[in-house]
Amino acid sequence: MDHQEIDVPPYFLCPISLETMRDPVTVSTGITYDRESIEKWVFFNKNDTCPVTKQPLNITTDNFLTPNHTLRRLIQSWCTINAPYGAERFPTPKPPLTKTQILKLIREVSGSNPGPRLVKTLEILKSIANESSANKRCLETTSQLIEFLGQLIIQDNNNGAQALSILAQLNITDERVLRTLAAEKEGAIFDSLMKIMQSSNYESRAYAIEFMKNLIQVAQPAQVVGLRVSHFIEVVQLIKDNVSSKASKSAMKFLTLACPWGRNRVRAVEAGAVHVLVNHLLESNDKRTSEMVFAVLDQLCGCAEGRAELLSHGAGLAVVSKKLLRVSHFATERGVRILYSIARFLGSLSVVQEMLEIGVVVKLCLVLQVDCEAKTKEKARDILKLHGKVWKNSPCVPTHILGSLSC
């Protein structure tokens, strides 16, 4: 199909056809690109150079992209002329939002008793975030907005969930802002997010755990250690309710970040984490999910309470053994570490006999024979040596492995 051509000056040319370029913008090197494409190149792909010239771009300023109105009008004219051939004329793009406009919105509702204005402003902000990638990034990089929404979560029971839904749409990379929110009023935001997680709204609960995960990644140790059993109860309940795959993974990530501290391990165990995670491992075939469960269980078995809970679950040892060598090297390593914790600290005759009966010993022997990490094999060998006297006469143990067991 023939299309009428338009003579475009060479400095307007870019790697995108006229039919797909709707919002042409020029960077400091003089090259023109489609706004959405260059923003994806810079912000999503983390590049700070011009794709054509390879020269650096000053992306820290709000106006590093200059609208190319001349080219946009040429494209619109081309679409009009070629309408009989299927070209569709697009409307003039709205100018992207500026930080000044966002700050003005915040100031208008920052006074006392904002009333319905606050609800309306939150609706506007949510709409802005959905309008374009440029607007979304403008929201993400306005630290005052993040602080404003965080304060609403802490202080406003009525609008906190709505503020959280806006934050959930943003990719917040400013760790300083998140760290400030985590420290606000001795970690009050964790309490507020916990209350939101107690609601029956699955979407709000998913938003809450995602934001809790983001906060704990940058929180100071004092805030992490200050978490309470009630916080862990809500996180564990979210996994149990299977709100969504993403929410469950965020919850498990939260646990892995919180449980290096011994107190938090005990709190997580008291919240029922071990039984819920074992059940999750029984039901899931997803590689990443299984790896995350193994990582958390490994941490929880670092305390006596966690080890006891794993043994108290009828399928605890069995499912850990079953998943060895079936998921990944990482899962196998963590699984062997879990079994080592049990064998070393709870190695009573009944437990040792159970490990033999459910196939743990055979699986450990397989670990020694297949392609595994050296440290994983070393741990498996240590377990076999710990209770070699009990296991060495069993017909379940391969004969050629007996030599590696203690006599």
Side-chain angles (χ1 to χ4, degrees), residues 147 149-161 163-164 167-168 175 177-243 247-280 292-293 295-310 312-313:
E147 292 172 358
L149 294 173
Q151 289 299 323
L152 280 181
I153 295 173
I154 295 173
Q155 301 170 3
D156 194 330
N157 293 329
N158 297 322
N159 296 299
L164 179 61
L167 286 173
E175 293 187 1
V177 178
L178 292 175
R179 194 174 293 113
T180 299
L181 286 175
E184 185 77 19
K185 297 181 180 179
E186 298 181 352
I189 195 165
F190 290 104
D191 293 334
S192 299
L193 291 170
M194 181 188 68
K195 291 177 182 177
I196 293 174
M197 289 175 65
Q198 291 171 344
S199 71
S200 58
N201 187 315
Y202 272 25
E203 187 177 55
S204 295
R205 294 175 71 189
Y207 290 159
I209 188 58
E210 180 69 18
F211 199 54
M212 282 182 73
K213 180 201 72 175
N214 293 340
L215 288 172
I216 203 169
Q217 284 178 318
V218 299
Q220 297 295 329
Q223 278 99 49
V224 181
V225 175
L227 293 171
R228 301 191 300 277
V229 174
S230 55
H231 294 123
F232 289 96
I233 288 175
E234 295 306 322
V235 173
V236 171
Q237 187 63 45
L238 186 143
I239 300 174
K240 184 177 181 180
D241 291 344
N242 197 21
V243 169
S248 294
K249 288 176 181 177
S250 293
M252 285 184 272
K253 180 66 174 179
F254 175 90
L255 291 174
T256 60
L257 292 169
C259 290
W261 282 267
R263 296 180 192 174
N264 285 344
R265 291 177 186 173
V266 176
R267 291 164 184 155
V269 172
E270 291 176 0
V274 174
H275 276 237
V276 169
L277 289 171
V278 169
N279 290 336
H280 210 67
M292 296 184 79
V293 171
V296 180
L297 286 177
D298 177 33
Q299 289 185 335
L300 298 184
C301 285
C303 67
E305 293 84 353
R307 294 189 289 271
E309 282 295 298
L310 184 70
S312 70
H313 193 295

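Just so it is clear, the values below take in all heavy atoms, side chains as well, and ignore hydrogens, waters and symmetry mates.
Between L181 and F211 the shortest side-chain heavy-atom distance falls below 4.5 Å. The shortest distance between side-chain heavy atoms of M252 and I239 falls below 4.5 Å. Contact of the F254 side chain with the L238 side chain is not registered, since no non-hydrogen atoms from C-beta on lie closer than 4.5 Å.
Scanning both residues, R265 and C259, for their nearest heavy atoms gives NE-O, 2.8 Å. Between M194 and E234, the shortest heavy-atom contact is CG-CG, 3.3 Å. Heavy atoms only, all atoms of each residue included: I189 and A182 are closest at CG2-CA, 4.2 Å. Between S250 and I209, the shortest heavy-atom distance links the atoms C-CG1, 4.0 Å. When all heavy atoms of L310 and C301 are compared, the pair lying nearest together is CD2-SG, 3.8 Å. The minimum heavy-atom distance linking A163 with L149 is given by the pair CB-O, 3.7 Å.
Between the side chain of N214 and the backbone N or O of L178 there is no donor-acceptor pair closer than 3.5 Å. Listed for the S192 side chain is a donor-acceptor partner under 3.5 Å among the backbone atoms of I153. Panel note: side chain Q223, backbone Q220; a donor-acceptor pair is recorded below 3.5 Å.
The environment of R179 atom CZ is dense: over 12 non-hydrogen atoms of other residues, nucleotides or ligands sit within 6.0 angstrom. Few gaps surround NZ on K213; more than 12 heavy atoms of other groups in view lie less than 6.0 Å from it. Sparse packing is recorded around NZ of K240, with 12 or fewer heavy atoms of other residues, nucleotides or ligands lying under 6.0 Å away.
The line from CD1 of I216 to NZ of K253 is 10.5 Å long, rounded to the nearest 0.5 Å. Atom-to-atom distance recorded for F190:CZ and L227:CG is 6.0 Å, nearest 0.5 angstrom. With values rounded to the nearest 0.5 angstrom, E210 atom CD is found 10.5 Å from L215 atom CG.
Listed by chain and residue number, H313 satisfy the ring pair (Phe, Tyr, Trp, His ring centres under 6.0 Å) test with H275 (two or more places apart in sequence, or in another chain). Residues forming a side-chain hydrogen bond (donor to acceptor under 3.5 Å, both in side chains) with D298 (at least two apart in sequence, or on another chain): R334, R337.
Residues E270 and R267 are not paired through a salt bridge, judged by the lack of any N-O separation under 4.0 Å between the basic side chain and the carboxylate.
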Going through the checks in order, is the side-chain contact (heavy atoms from CB on, under 4.5 Å) test met by Y202 and D241?
CA-CA 9 Å; Y202 272 25; D241 291 344; 4.0 Å; yes
With side-chain contact (heavy atoms from CB on, under 4.5 Å) as the test, would you mind laying out the steps for L300 and L255 before giving the verdict?
CA-CA 10 Å; L300 298 184; L255 291 174; over 6 Å; no
side-chain contact (heavy atoms from CB on, under 4.5 Å) between Q237 and M197, intermediate numbers included:
CA-CA 9 Å; Q237 187 63 45; M197 289 175 65; over 6 Å; no
How far apart are the C-alpha atoms of Q155 and K185, what are their side-chain angles, what is the distance that settles it, and do they pass the side-chain contact (heavy atoms from CB on, under 4.5 Å) test?
CA-CA 11 Å; Q155 301 170 3; K185 297 181 180 179; 4.0 Å; yes
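Every pair passing salt bridge (Lys or Arg N to Asp or Glu O under 4.0 Å) that includes a residue from residues 215-232 is listed here, sequence neighbours excluded: D191-R228.
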